[in-house]
There are 2 protein chains.
Amino acid sequence: MSIETDIKQKKFRSPFQKLALNLMYTTKWLEYKQLESFKEYDITPQQYNVLRILRGQQGNPIKVSDITERMLDKSSNTSRLVDKLLAKNLAKRTSCESDRRAVDVVITEDGLALLQVLDPFIEDWENRFNIISEEEAEQISALLDKLRENENQA
Amino acid sequence: MSIETDIKQKKFRSPFQKLALNLMYTTKWLEYKQLESFKEYDITPQQYNVLRILRGQQGNPIKVSDITERMLDKSSNTSRLVDKLLAKNLAKRTSCESDRRAVDVVITEDGLALLQVLDPFIEDWENRFNIISEEEAEQISALLDKLRENENQA
DNA sequence: ATACATTTAATGTAGAAACATCTATTAGCG
DNA sequence: CGCTAATAGATGTTTCTACATTAAATGTAT
């Protein structure tokens with residue numbers, strides 16, 4: 001369905017305004033789809049994001065602050081997200097020896113197992129993007145990178 | 001800055017995964033920029049979205065449920081958003097005569113004045129998109145529309 | 001070494017989002 | 001008409017977010 005229909009707006013000030021609204025609308029829609037898939041596994045997209053970062057470490061511990069750096073949403077409270085994963089036995093937390101302020105976080109077997117269950121959902125979710133070519137995907141990615149570039153504006 | 005740098009992930013499973021993450025990351029970034037601009041005017045992006053919908057009615061009242069239909073975030077609680085606007089005298093609420101369950105909402109002079117103040121911020125914000133042509137913007141909008149189309153998947 | 005600033009993570013708090021429930025009104029149908 | 005279902009919007013509740021503050025450990029400069 002077109003963005004015009006979805007938000008019942010017939011005219012836009014410019015193709016740029018339309019794209020801006022479409023980006024926000026489509027992303028919310030994607031996130032909602034993700035949330036729906038995850039619901040029965042009692043995990044939020046944010047918690048999933050942390051889990052995937054932990055898995056990406058291949059068994060090596062990672063500090064809370066380094067998790068934050070890798071998150072899609074930098075303003076999220078990583079401490080409390082890790083708390084949630086701990087409570088569900090999806091991650092372990094040990095104090096870091098070289099810097100006792102820091103805390104090392106590692107994914108558990110349960111965490112890895114859950115990710116394996118979720119992987120097919122994510123793959124299906126990503127397969128939506130197959131309607132465009134890989135080149136187009138790269139091209140849009142490059143454009144999004146550019147959008148965030150000119151920090152001087154706005 | 002590239003998405004690779006921003007979320008410190010060197011490799012992606014596919015250009016599609018990269019695009020998915022980039023969409024979510026960039027949209028959060030855009031929303032954050034908007035939030036920042038609006039902060040000194042004590043209005044949230046969601047409230048702004050409602051206000052703009054009200055202005056779009058050109059003085060005609062609109063029901064709460066119709067506002068929801070036009071919102072970017074359909075799951076937001078429009079009742080309470082309207083409450084907030086009322087408290088700030090940015091909108092008026094009168095009960096609808098033809099259907100006494102419904103409620104008519106109209107933007108006030110204060111609301112219109114605030115939007116006029118915010119307009120330049122939004123224009124600057126949208127001008128970020130000038131790095132691409134109008135045709136490209138339309139093209140990407142069309143791709144995003146398509147993404148949301150195949151409801152059968154995922 | 002001491003004092004002060006910085007970093008790291010946890011916590012407190014107000015407000016917002018997500019979701020279910022409730023109330024009033026209207027619609028539909030026998 | 002009288003009954004049940006559907007709709008509109010408000011409200012309750014739990015969880016999450018955004019932002020500020022705190023506490024402990026480390027860095028740094030004199």
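The shown structure was predicted, so the numbers you read here are calculated from the model rather than taken from an experiment.
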Contacts under 3.5 Å, N or O only, protein and nucleotides 15-19 of chain C:
from	atom 1	to	atom 2	distance (Å)
C:dA16	OP2	B:K84	NZ	2.5
C:dA17	OP1	B:Q46	NE2	3.3
C:dA18	OP2	B:S75	OG	2.8
C:dA18	N6	B:R80	NH2	3.3
C:dC19	OP1	A:K39	NZ	2.9

Please write out each protein N/O paired with an N/O of nucleotides 21-23 of chain C under 3.5 Å, distance rounded to 0.1 Å.
none

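Partners of A:L143 under the side-chain contact (heavy atoms from CB on, under 4.5 Å) rule, at least two apart in sequence or in another chain, are B:I131, B:I132, B:I140.
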In sequence, state the C-alpha distance, the side-chain angles, and the governing distance for A:K63 and A:E69, and then conclude on salt bridge (Lys or Arg N to Asp or Glu O under 4.0 Å). CA-CA 10 Å; A:K63 290 192 299 174; A:E69 278 196 327; over 6 Å; no

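Put simply, the side chain of A:W125 gets close to the backbone of A:L30: a donor and an acceptor are under 3.5 Å apart. Looking at B:T108, its side chain does come within 3.5 Å of a backbone N or O of B:L90 through a donor-acceptor pair. In terms of modelled atom types and a separation under 3.5 Å, the side chain of A:K88 and the main chain of A:D42 share a donor-acceptor contact.
Checked against the 6.0 Å centroid threshold, B:Y41 and B:F121 count as a close aromatic pair.
Salt-bridge check for B:D119 with B:R55: passed, with a basic side-chain N closer than 4.0 Å to an acidic carboxylate O. Using a 4.0 Å cut-off between charged side-chain N and carboxylate O, A:E123 and A:R128 make no salt bridge.
Annotation: side chain of A:K92 is not in contact with side chain of A:I107 (no heavy-atom distance under 4.5 Å). Counting heavy atoms from C-beta outward, A:M71 and A:I53 have side chains that approach closer than 4.5 Å.
Bracketed by its first and final contacts, the part of DNA chain D lying under 4.0 Å from non-hydrogen atoms of chain A reaches from D:dC16 to D:dT26 in 5' to 3' order.
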Could you give the side-chain donor-acceptor pairs of residues 12-26 of chain B under 3.5 Å, partners two or more places apart or in another chain?
from	atom 1	to	atom 2	distance (Å)
B:R13	NH2	A:E126	OE1	3.3
B:R13	NH2	A:E126	OE2	3.1
B:S14	OG	B:F16	N	3.2
B:S14	OG	B:Q17	N	3.0
B:Q17	OE1	B:R13	N	2.6
B:K18	NZ	A:E138	OE1	3.3
B:K18	NZ	B:E4	OE2	2.9
B:N22	OD1	A:R148	NH1	2.8
B:N22	OD1	B:T26	OG1	3.0
B:N22	ND2	A:S141	O	3.1
B:N22	ND2	A:S141	OG	3.4
B:N22	ND2	A:D145	OD1	3.0
B:T26	OG1	A:R148	NH1	2.8
B:T26	OG1	B:N22	O	2.8

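For DNA chain D, the neighbouring residues in residues 88-103 of chain B, judged by any heavy atom under 4.0 Å, are B:R93, B:R101, B:A102, B:V103.
At the heavy-atom level, A:S79 lies under 4.0 Å from base atoms of the strands shown.
Here the rule is side chain to side chain contact (heavy atoms under 4.5 Å, CB included) with A:R93, and of A:V64, A:D104, A:L86 only A:L86 fits it.
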